[in-house]
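Every chain is numbered from 1, with letters handed out A, B, ... down the list of sequences. Owing to the predicted nature of the structure, the values given are computational and were not obtained by experimental measurement. Note that these values count all heavy atoms, side chains included, but never hydrogens, waters or copies made by symmetry.
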There are 2 protein chains.
Amino acid sequence: MVTKQQSVPDIFQENCLSRQVLQLIADQWTPLVIAALNDGTMRFGQLLKRIGGISRKMLTQTLRAMERNGLVRRVVYPVVPPVVEYTLTPLGQTLVEPMKALRDWAYGHLQEVAQARTAYDQRDHTPLQDAVASLVQQREKSL
Amino acid sequence: MVTKQQSVPDIFQENCLSRQVLQLIADQWTPLVIAALNDGTMRFGQLLKRIGGISRKMLTQTLRAMERNGLVRRVVYPVVPPVVEYTLTPLGQTLVEPMKALRDWAYGHLQEVAQARTAYDQRDHTPLQDAVASLVQQREKSL
DNA sequence: CCGTATCCATTACGATACTG
DNA sequence: CAGTATCGTAATGGATACGG
């Protein structure tokens with residue numbers, strides 16, 4: 001029996017399938033659509049209003065991609081004017097938790113990130129200064 | 001005592017800070033750099049080799065952004081030729097788990113996504129067919 | 001070795017107008 | 001209402017050459 005102890009395949013390899021899948025969900029809008037649809041089925045227009053700053057085009061594109069990848073189900077009611085509903089599939093629901101973890105991380109570390117950014121922007125970043133800073137840091141560690 | 005029961009702020013609002021932070025980490029390369037650096041400190045060239053398909057430019061860009069946001073520490077050794085090491089900061093380490101969850105999701109649902117895609121591509125997607133499909137689905141549910 | 005600078009091609013995206 | 005089509009612009013990203 002061959003036990004391939006490889007819980008993670010080589011995500012560092014180009015053309016790795018899992019990397020491709022990862023890239024399907026690690027974009028600007030997918031996390032927000034997941035969050036929105038986690039509250040229940042929504043129509044196109046509702047999503048458009050709910051997710052501030054998204055354009056018709058991007059919402060359509062994102063939803064289409066998600067549908068294609070099996071994350072959402074799209075139901076078209078043949079009435080006029082048309083009604084189209086979007087719902088998370090069971091597969092899509094498995095993404096809710098990981099995505100929530102990411103959003104929570106973002107929310108939980110707002111200040112730290114903001115501070116880091118301010119600090120970074122105040123420092124010099126000439127090659128020389130970078131090196132000196134590293135030296136100082138080195139010295140401090142050895143004390 | 002005012003208890004603001006708002007574990008998640010309004011991520012749906014444009015210009016929401018947590019959304020901005022989210023977008024810093026939900027890109028193509030950041031998850032991979034996190035994963036790579038989780039194995040320990042690495043030099044620029046090592047990262048470049050490890051992360052297949054990334055270009056010098058993108059790696060530099062990603063690392064700079066991560067440094068600015070406090071996720072990685074960059075240490076420059078003032079030797080020639082230069083040696084530059086990158087390490088996850090404590091803040092960056094808090095991202096390891098959520099990111100791993102995402103990667104695991106991707107790996108764990110490879111087949112499902114692939115199947116969904118194949119199925120989607122085989123279906124018709126003329127507006128009429130979409131509506132008919134929805135009708136059929138509706139009827140099946142009521143049986 | 002670790003970048004930056006430049007050029008260039010491709011894509012992404014928003015705005016708008018149009019259709020079933 | 002829920003898109004699609006078209007356009008123009010902006011951002012992205014690779015390749016290459018050069019610099020400290």
Side-chain angles (χ1 to χ4, degrees), chain A residues 14-15 19 23-24 26-30 32-33 36-37 41-68 72-87 124-135, chain B residues 14-15 20 23-24 26-30 32-33 36-37 41-68 72-87 124-135:
Chain A
E14 204 175 352
N15 303 331
R19 194 200 282 191
Q23 288 172 182
L24 295 176
D27 71 285
Q28 292 254 315
W29 301 113
T30 302
L32 297 182
V33 173
L37 288 182
T41 297
M42 292 185 90
R43 296 179 53 177
F44 184 86
Q46 289 181 291
L47 285 167
L48 200 58
K49 274 184 298 187
R50 188 83 209 279
I51 304 174
I54 197 171
S55 65
R56 276 172 133 52
K57 187 177 177 179
M58 288 315 294
L59 181 55
T60 302
Q61 223 172 70
T62 305
L63 286 170
R64 281 287 186 283
M66 291 176 73
E67 187 194 2
R68 191 167 107 96
V72 304
R73 190 162 45 96
R74 176 170 175 268
V75 178
V76 180
Y77 294 91
V79 296
V80 19
V83 170
V84 181
E85 285 181 351
Y86 293 90
T87 314
D124 243 1
H125 291 288
T126 55
L128 183 61
Q129 276 307 317
D130 281 350
V132 169
S134 295
L135 274 179
Chain B
E14 203 175 353
N15 302 331
Q20 290 177 27
Q23 289 171 181
L24 295 176
D27 71 288
Q28 293 253 309
W29 301 113
T30 302
L32 298 181
V33 172
L37 288 182
T41 296
M42 292 185 90
R43 296 180 53 179
F44 185 87
Q46 288 181 290
L47 285 168
L48 199 58
K49 275 184 296 185
R50 187 84 208 278
I51 304 174
I54 198 171
S55 64
R56 278 175 130 56
K57 188 176 176 178
M58 288 315 294
L59 181 56
T60 303
Q61 225 171 69
T62 304
L63 286 169
R64 281 288 185 281
M66 291 176 71
E67 186 193 4
R68 191 167 107 96
V72 304
R73 191 161 44 96
R74 177 171 175 268
V75 178
V76 180
Y77 295 89
V79 296
V80 18
V83 170
V84 181
E85 284 181 350
Y86 292 90
T87 313
D124 245 2
H125 292 288
T126 55
L128 183 61
Q129 276 306 318
D130 280 351
V132 169
S134 294
L135 274 178

Task: Distance, rounded to the nearest Å, where B:Gln61 contributes CD and D:dA11 contributes P - done: 13 Å
Task: 5' priority, DNA chain C, between B:Pro81 and A:Gly53 [closest heavy atom] - done: B:Pro81
Task: Integer-rounded Å distance: D:dA2 P and A:Leu63 CG - done: 11 Å
Open item on the list: Would you say that B:Arg74 contacts B:Leu63 through its side chain, given a criterion of any heavy-atom pair below 4.5 Å between the two side chains?
Closed with: no
Task: No-H, no-angle donor-acceptor pair, A:Arg43 side chain to D:dA2 base, under 3.5 Å - done: no
Open item on the list: Distance check needed: D:dA2 P versus A:Glu85 CD, whole Å only.
Closed with: 9 Å
- [ ] State, to 0.1 Å, how close A:Asp27 and A:Leu24 come at their nearest heavy-atom pair, and which atoms those are.
- [x] OD1-O, 3.4 Å
Task: Upstream residue (5' side of DNA chain C) when A:Trp29 and B:Val84 are each assigned their closest nucleotide - done: B:Val84
Open item on the list: Any heavy-atom pair between the side chains of B:Leu48 and B:Ile54 that's under 4.5 Å?
Closed with: yes
Open item on the list: So B:Pro82, base contact, sugar-phosphate only, or nothing? Heavy-atom distance under 4.0 Å.
Closed with: base
Task: Bounds of contact between DNA chain C and chain B, in 5' to 3' order, using a heavy-atom cut-off under 4.0 Å - done: C:dC1 to C:dT4
- [ ] Measure from the side-chain N and O atoms of B:Gln129 to the backbone N and O of B:Thr126, and report whether any donor-acceptor pair falls under 3.5 Å.
- [x] no
Open item on the list: Rounded to whole Å, please give me the gap between CG in A:Leu48 and P in D:dT4.
Closed with: 13 Å
Open item on the list: Nearest whole Å is fine: how far is D:dG13 P from B:Ile54 CD1?
Closed with: 10 Å
Open item on the list: Rounded to whole Å, please give me the gap between CZ in A:Arg56 and C1' in D:dC7.
Closed with: 18 Å
Task: Nucleotide D:dG14, atom C1' - distance to CG of B:Leu59 in whole Å - done: 14 Å
Task: Note, A:Ile51 side chain near A:Val33 side chain (heavy atom, < 4.5 Å) - done: yes
Task: Nearest non-hydrogen partners of B:Arg43 and B:Glu85, listed with the distance - done: CG-CG, 4.0 Å
Task: Nearest heavy-atom neighbours spanning A:Phe44 and A:Arg56 - done: CZ-O, 4.0 Å
- [ ] Using a 4.0 Å heavy-atom cut-off across all strands, classify A:Tyr86 as base, sugar-phosphate, or nothing.
- [x] sugar-phosphate
